[in-house]
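One-based numbering along the sequence shown. One-based numbering, in listed order, for ligands and for the atoms of each.
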Amino acid sequence: MPNLFSPTRVGAIDVANRVVMAPLTRNRAPGSVPTALMAEYYAQRADPDTGAGLIVSEATAISPQAQGYADVPGLYGTEQLDGWKKVTQAVHARGGKIVCQLWHVGRVSHHILQPHNADPVAPSAIRANTKTYVIDKDGSGHFTPTSEPRALHRHEIPLIVHDYAAAARNAVKSAGFDGVEIHGANGYLLDQFLKTGANQRTDDYGGSIENRARLTLEVTRAVVDAIGADRVGIRLSPVTPANDIVDADPQPLFDYLLRQLAPLGLAYVHVIEGATGGPREVEGRPFNYKKLKAAYQKAGGRGAWMVNNGYDPRLAQDAIASGRADLVAFGKAFICMPDLTERMRRGGPYQGLDKATMYGGGAQGYTDYPALD
Ligand code: 8OZ
């Protein structure tokens, strides 16, 4: 029977344990370029004996337009790729594995973060009632409401699909990542197209479930064509309210999406259960994850099933031992415990998170959380 500490295969990637470091936005990449400090941070969590079997990088912009927060990294410029190369080399030197999370924020942005101060793009011109993170001229960072988006023209959509594929190629071929994770969750561009609350298009990307799922499927196929399915995962959040997103009827939408993804042969599917970073049950938004997984597998979906959100060591161990999941991703716990896997093996001790240093800043609250002796 597998447990949290048993090795497995995630597509083409051999992992030493079932403990995954979830993608975590930290806003420590000035000018979108990954730094040496970031390499140290990821390397601290990459040891296959004490840390993550697999690291999913913080969300990374696939293009300038894809950016929605200050000081998040990108994956489209030479300097960015050189910066990431240092990160992946540091992780691999410790024996770890790391995939890059491919990100387009869509409407969750601010015009001051966009090329030529443009309005952020979205399926429809509906503002998200949420905040983004900007840095003022004096260097102080703060959260501010997103700006009004504009609806994408039909002819712009293939360019975005192309940007995802190019970023995936950059990640694997230039930056040395073991694979990529498509960010289809948390109210960003792909989730905006999927869900009725943000998508009111009247063309073939809006309306029916088939139409709303079209962009996510086109992006996934393009990324698979670029780097091979066995190095591609996708993250989804069927009922999260994050970034003001909602769907009128998420179960048939996600059951359909997973049935369509199944034949592609992805390395893994990563599901956020409930409200991202919050309760595992969302009031008024029931969802059957078991049914979702069954729909995927019945349609031929193999690959690993990764779960996330509110897992404690016991719930995680149960999920693996019962076969309900193959991998469990931990976010906040990996910020404050670089050796989380070793701590779970020993049954503790666990240490807490300093929320004040989550977004922006330097080494404090980033690379200075102590490991066990
Ligand atoms: C927290 C702050 C900014 C971005 C996500 C990429 O929710 C994020 C994110 C989280 O997926």
Side-chain angles (χ1 to χ4, degrees), residues 20-30 32 34 38 41-42 55-63 65-75 99-110 112-114 120 128-135 141-147 164 167 171 180-195 198 216 219 233-246 269-280 282 306-310 329-336 353-361 365-366:
V20 175
M21 179 178 168
L24 291 156
T25 290
R26 303 301 306 274
N27 307 81
R28 282 168 168 85
S32 301
M38 285 169 60
Y41 160 78
Y42 283 109
I55 294 171
V56 184
S57 82
E58 65 206 271
T60 301
I62 59 164
S63 67
Q65 181 196 72
Q67 189 183 343
Y69 303 80
D71 290 358
V72 296
L75 200 52
V99 298
C100 191
Q101 198 192 42
L102 305 185
W103 196 23
H104 192 309
V105 296
R107 66 180 183 166
V108 185
S109 187
H110 196 282
I112 70 170
L113 296 163
Q114 289 287 306
N129 184 18
T130 186
K131 289 183 172 171
T132 175
Y133 182 84
V134 296
I135 294 177
H142 62 95
F143 282 87
T144 189
T146 55
S147 36
Y164 274 97
V180 303
E181 174 177 288
I182 296 165
H183 193 341
N186 295 345
Y188 297 110
L189 184 72
L190 299 179
D191 207 23
Q192 290 159 30
F193 270 84
L194 285 169
K195 292 177 180 169
T216 300
V219 164
I234 187 168
R235 192 177 206 213
L236 302 168
S237 55
V239 296
T240 194
N243 291 312
D244 192 25
I245 200 76
V246 65
V269 174
H270 183 179
V271 182
I272 299 171
E273 298 164 339
T276 314
R280 291 178 47 76
V282 186
M306 186 189 299
V307 294
N308 169 243
N309 203 35
F330 296 86
K332 284 176 251 171
F334 255 119
I335 293 181
C336 55
L353 174 72
D354 171 21
K355 290 205 168 141
T357 49
M358 271 171 74
Y359 306 114
Y366 193 54

Does either side chain, that of T130 or that of D244, offer a donor lying less than 3.5 Å from an acceptor on the other one?
no

Do R28's NZ or CZ and the ring of Y366 fall within the cation-pi criteria of under 6.0 Å and 45°?
yes

Taking only non-hydrogen atoms of Y359 and a 4.0 Å limit, the atoms of ligand 1 in range are 1 (C), 2 (C)

Shortest protein contact, atom 6 (C) of ligand 1 (heavy atom only)
T25 OG1, 3.2 Å

among protein heavy atoms, the one nearest atom 8 (C) of ligand 1 is Y188 OH, 3.4 Å

Can you label the angle between the Y188 ring and the Y69 ring as parallel, tilted or perpendicular, going by 30° and 60°?
perpendicular

Ignoring angles and geometry beyond distance, decide whether N186 reaches within less than 3.5 Å of ligand 1 through its nitrogen or oxygen atoms.
yes

Please indicate whether any nitrogen or oxygen in H183 is less than 3.5 Å from any nitrogen or oxygen in ligand 1.
yes

Kindly compute the distance separating CD (E273) from CG (N308), expressed to the nearest 0.5 Å.
8.0 Å

So, Y359 versus F143, ring centres under 6.0 angstrom or not?
yes

Please confirm whether Y133 approaches ligand 1 to less than 4.0 Å, judged on its heavy atoms.
no

